[in-house]
Number of protein chains: 2
Amino acid sequence: MNTFTEENYLKAIYHLSLQSGSVSTNQIAASLSTKAASVTDMLKKLAEKELINYTKYQGVTLTSPGEKIAISIIRKHRLWEYFLVEKLNFKWDEVHDVAEELEHISSKDLIDRLDDFMGHPKYDPHGDPIPDSSGKFKTHELKPISALAANEIGVVSGVREHSPAFLQYLEKVQLIIGRKIKVIEINDYDHSVILLVEDKKIQISREVANNLLITR
Amino acid sequence: MNTFTEENYLKAIYHLSLQSGSVSTNQIAASLSTKAASVTDMLKKLAEKELINYTKYQGVTLTSPGEKIAISIIRKHRLWEYFLVEKLNFKWDEVHDVAEELEHISSKDLIDRLDDFMGHPKYDPHGDPIPDSSGKFKTHELKPISALAANEIGVVSGVREHSPAFLQYLEKVQLIIGRKIKVIEINDYDHSVILLVEDKKIQISREVANNLLITR
DNA sequence: TAAAATATTTAGACTGATCTAAATTTATTA
DNA sequence: TAATAAATTTAGATCAGTCTAAATATTTTA
Ligand SMILES: [Mn+2]
Ligand SMILES: [Mn+2]
Ligand SMILES: [Mn+2]
Ligand SMILES: [Mn+2]
């Protein structure tokens, strides 16, 4: 098996790839709060194991075995988050750090049984899709609230930012996963948005509108 | 916090202390499948942190902070084992290795919530006591079946050996935790024991009789 | 109680993961 | 396109945990 550290690198590369295709040394260093020199060392090791495609100075992509490992870590992370929220009554802003540890527990049998126990959930507490036992998953079509025009409606289905502060704020104003919303008005000047949520009007900033994702 | 490795050393020292008081370098090395020289290195580090009392060549004991950590690891190990058996339908011979990983998840909040979720179990699947949130626990009075005379009765309440082979054997002959047993006859020659279990007579070897613990 | 056996520690080396500082390559921009 | 800036890699060090082989201490036993 691979070390914790290798798993964290593969996961970071996977997440970064979703936005940018090929991933740079500095991106990885920033995302793992480490130094570029350390990243280079690890990239050599992962390339040696054929988990990434790496050419000096050119950035990296995951190989298919590398991607498989990354997805299995993400599956574990999201299933554990679901467990913590649904069974142990954690709040959605409290689960990430614990899941960062739990995702490295190696037993595949354990995670598949946990999945059974919870009835094969499709999305984690933050709306992110949970890969199935074979690594397959489908994301729903998400767009930020800021992409809606006045009078358009949607269902809160995900977040673009996972910081506890942002999640706590959303909880406080009841903008939680599954809520139906309707855009009432968009302020031309600062792009803040007034929404109808559960028959109540609330105003959110452009920043929030950019980071809160909806379907439909 | 402490590393994975430090936690394993403290736990090993704790378990060994229960039998022998002060624990030797070689005992620790055997129990962790490592070499005496590595143990000496780690003992120096743990002594430096004041988690053990260590004088060269004289063996070690845990300090009170060291014991507290050891007990917290054991609490986590046993609660996770209980969870795996009761909620995820693992067999009692399948849980140990997974629990060896799970016991190092650091969140105290997590383990206390898991404890709540399961209704504060007092014993793990092998009959071992689960320390409570403050580290307190009481063992019931256990003795091996081999300590019983003919016609004496008891309730299966623990095992002295945790190997999958032994646990599978016990499961097969239904000598599981909670079963009432009665000694019918003890063979003078090989000390094998004939028991009454659920209205059925079964014969167990001296070895099994020594490793299967009962109450009453 | 002195030799022999056993247990333990020390010395020195290796691996994985990390760092800083210096060198090199690639990208930007004047 | 040549100079400058930014990104990346290399060199060399450190730390935790481990090992083997050698040195030293303790225990056993004759
Ligand atoms: Mn998370
Ligand atoms: Mn999540
Ligand atoms: Mn166990
Ligand atoms: Mn157990």
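Because the structure is predicted, anything quoted here is derived from the model rather than measured. Below, each value reflects all heavy atoms present in this structure, side chains not excepted, and no hydrogens, waters or symmetry copies. The sequence lines fix the lettering, A, B, ..., with proteins before strands; numbering per chain opens at 1.
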Between C/dG16 (P) and A/E48 (CD): distance, integer Å: 11 Å
In whole angstroms, the gap separating C1' of C/dT6 from OH of B/Y57 amounts to 12 Å
Can you name the residues that form a side-chain contact (heavy atoms from CB on, under 4.5 Å) with B/E6, not counting sequence neighbours? B/N2, B/T3, B/M42, B/K45, B/L46, B/K49
Excluding sequence neighbours, so at least two apart, what forms side-chain contact (heavy atoms from CB on, under 4.5 Å) with A/E161? A/S163, A/F166, A/N211
Distance-only criterion, 3.5 Å: show the donor-acceptor pairs between side-chain atoms of residues 133-143 of chain B and protein atoms not counting sequence neighbours.
residue	atom	partner	partner atom	Å
B/S133	OG	B/K108	NZ	2.9
B/S133	OG	B/D112	OD1	3.4
B/S133	OG	B/D112	OD2	3.3
B/S134	OG	B/D132	OD1	2.9
B/S134	OG	B/K136	NZ	3.4
B/H140	ND1	B/Y123	OH	3.3

So which pairs with a foot in residues 4-51 of chain B pass ring pair (Phe, Tyr, Trp, His ring centres under 6.0 Å), sequence neighbours left out? B/F4-B/H104
Check the interface with nucleotides 10-15 of chain C: list each N/O to N/O pair with the protein under 3.5 Å, or write none.
residue	atom	partner	partner atom	Å
C/dT10	OP1	B/K56	NZ	2.7
C/dT10	OP2	B/K44	NZ	2.7

Under the side chain to side chain donor-acceptor pair (under 3.5 Å) definition, can you give me all pairs with a residue in residues 54-73 of chain B, not counting sequence neighbours? B/N53-B/T61
Quick check against the 3.5 Å criterion: does B/R160 have a side-chain atom that pairs as donor or acceptor with the backbone of B/N210? yes
Does any residue of residues 2-30 of chain B have a heavy atom under 4.0 Å from DNA chain C, and if so, which ones, in number order? B/S24, B/T25, B/N26
Side-chain polar contacts of residues 31-38 of chain B - donor-acceptor pairs under 3.5 angstrom, sequence neighbours left out - could you list them?
none

Hits for ring-ring contact (aromatic ring centres under 6.0 Å, His included) against B/H162, two or more places apart or cross-chain, chain-then-number order -> B/H126
